[in-house]
There are 2 protein chains.
Amino acid sequence: MAAGRGRPEDLREACVREALAIVAEQGVEGLSLREVARRLGVSHQAPYKHFPSRDHILAEMAARAFAAFAGHLESRPPGNPPHEDLAAMGRAYMDYALSRPLDYRLMFGTPLPNPADHPDMLRLACHAFDMLRQGIARAHAAEGRTVEGQDLDADALYVWSTLHGLAGILRGQATGGLVQVAVPVETVLEEMLARVGRGLGLRAGKT
Amino acid sequence: MAAGRGRPEDLREACVREALAIVAEQGVEGLSLREVARRLGVSHQAPYKHFPSRDHILAEMAARAFAAFAGHLESRPPGNPPHEDLAAMGRAYMDYALSRPLDYRLMFGTPLPNPADHPDMLRLACHAFDMLRQGIARAHAAEGRTVEGQDLDADALYVWSTLHGLAGILRGQATGGLVQVAVPVETVLEEMLARVGRGLGLRAGKT
DNA sequence: CTCCATGGTTGACGCTGTCAACCATGGAGC
DNA sequence: GCTCCATGGTTGACAGCGTCAACCATGGAG
């Protein structure tokens with residue numbers, strides 16, 4: 001029975017923590033509940049008392065990754081003008097995607113059979129998306145335009161798509177080095193942000 | 001021993017075909033070599049005589065998906081003006097991604113441990129990317145600009161990223177319905193293409 | 001004091017990828 | 001024509017996986 005270090009709720013937490021550690025080492029394919037149990041010195045069925053299935057643990061982990069992700073996006077310096085702030089958000093996005101690729105993949109690359117089964121995760125994901133939406137709205141507002149509703153959604157979808165796609169490609173997941181990115185990542189990103197700014201119809205570009 | 005319908009090279013082909021069928025039905029996680037063998041009425045080790053490992057079959061399938069994908073991109077009507085042609089390519093891209101989501105995931109969503117091990121697949125992937133690059137170059141040329149080298153790469157990367165990202169999001173893989181896409185896909189796509197056109201600095205938008 | 005929900009245990013099942021050893025066949029070299 | 005060996009199939013085994021089932025300790029509510 002483990003090294004009796006446990007109050008109630010303890011094993012559940014420990015499972016998630018250990019699962020995250022495994023994913024950080026070996027990626028999501030290397031995760032098994034039995035391995036989690038083994039590392040915790042606990043029987044192979046113990047985690048099952050806290051999670052109905054492997055997918056539920058995955059969803060919980062994804063939820064936490066989303067929370068950390070949102071925190072990362074929020075941690076950019078305050079007080080910048082809207083254009084610059086939006087660009088900073090883009091940089092924060094890519095920074096997270098590249099510095100914690102396995103967490104990123106957990107959020108965006110892991111196929112959960114039915115995401116609707118995991119409402120907590122969905123809510124956190126929506127929160128992150130909202131941050132982007134607001135950043136875009138502010139940037140438009142700074143140029144005297146009011147953008148909202150479906151137009152704003154479309155803008156946000158556009159920015160999100162571009163960042164998400166670039167992240168996938170830079171991480172090589174998509175193409176395994178299809179593009180020979182000879183130039184440093186920062187340069188690629190700045191070029192991309194400039195194009196995105198034009199695409200949004202922002203006057204100054206985003207820089 | 002199966003229904004002796006086989007010349008040499010036959011079982012290898014049959015494996016790939018059957019594996020693709022399984023993926024089309026159940027997605028890539030549902031694929032197992034044993035199931036392939038079972039469906040072909042052959043022993044569970046027979047496929048192993050033709051593929052060193054599961055990953056190699058996956059790579060072969062991805063390669064074929066890339067080939068089909070390139071074909072799909074190429075099948076757009078000829079003779080259109082460059083802007084329109086580029087937009088048509090974007091539509092073809094999304095059409096493939098949404099109408100054959102499992103193949104698409106095979107190309108872009110499946111994590112192959114080491115893509116460099118599968119040069120054929122890489123080559124086909126690069127070919128598809130080249131088509132995009134050329135389409136963009138023509139669109140610029142139509143406006144009297146010559147874009148090449150790193151700038152062209154950046155443009156292509158930008159367009160590819162955006163389409164790839166949008167495809168991922170529309171397929172729900174990324175976010176599981178994070179965005180409530182109330183409007184039809186076509187509309188979302190056209191809005192996106194318009195933004196991409198602006199991002200590229202094309203005068204007319206892309207439509 | 002009893003009872004039962006909670007959270008742990010062990011054991012089994014069927015599935016997977018992969019390794020190993022064995023065997024039929026048919027064409028090359030002599 | 002006989003031998004030999006590569007090719008491509010076979011069966012059998014192994015460990016690891018998720019999951020189901022049954023069992024058991026404990027502790028708080030009635």
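Computed from a predicted structure; not experimentally measured. Just so we're on the same page: letters track the sequence lines, and every chain starts at 1.
Annotation: of the two residues near DNA chain C, A:His44 and B:Glu35, the 5′-most nearest-nucleotide partner is A:His44.
Looking at heavy-atom distances under 4.0 Å, B:Arg34 makes contact with a base.
B:Arg133 places no side-chain N or O within donor-acceptor distance of the main-chain N or O of B:Phe129, the cut-off being under 3.5 Å.
For the pair A:Arg38 CZ and D:dG18 C1', the interatomic distance rounds to 13 Å; values are reported in whole Å. Distance CG (A:Leu33) to C1' (C:dG8): 16 Å, rounded to an integer number of Å. The separation between B:Glu29 atom CD and D:dC17 atom C1' is 15 Å, rounded to whole Å. At whole-Å resolution of the value, CG in A:Leu11 and P in C:dT6 are 16 Å apart. Note: CD (A:Gln45) to P (D:dA22) measures 13 Å, nearest angstrom. In this structure, A:Arg12 places its CZ atom 11 Å from P of C:dG7, rounding to the nearest Å. In this structure, A:Leu31 places its CG atom 16 Å from P of D:dG16, rounding to the nearest Å. Nucleotide C:dT16 holds its C1' atom 14 Å from the CD1 atom of B:Ile57, rounded to whole Å.
In this structure, the nucleotide among C:dT10, C:dA20, C:dT9 sitting nearest to the side chain of A:Lys49 is C:dT9. Among the nucleotides C:dT16, D:dG9, D:dA13, the one closest to the side chain of B:Ser32 is C:dT16.
In this structure, a donor-acceptor pair under 3.5 Å is absent between the side chains of A:Ser75 and A:His72. No side-chain donor from either of A:Thr162 and B:Ser161 sits under 3.5 Å from a side-chain acceptor of the other. Between B:His56 and B:Ser53, the side chains place a donor N or O and an acceptor N or O closer than 3.5 Å (distance only, hydrogens not considered).
D:dG30 is paired with C:dC1 under the Watson-Crick or G-U wobble criterion, all donor-acceptor distances under 3.5 Å. Across all strands shown, the partner of C:dT25 is D:dA6, judged by Watson-Crick or G-U wobble contacts whose two distances both fall under 3.5 Å.
Outside the 6.0 Å centre-distance limit, the rings of A:Phe66 and A:Tyr104 are not counted as a close aromatic pair.
Put simply, A:His50 has a side-chain N or O that comes within less than 4.0 Å of OP1 or OP2 on C:dG8.
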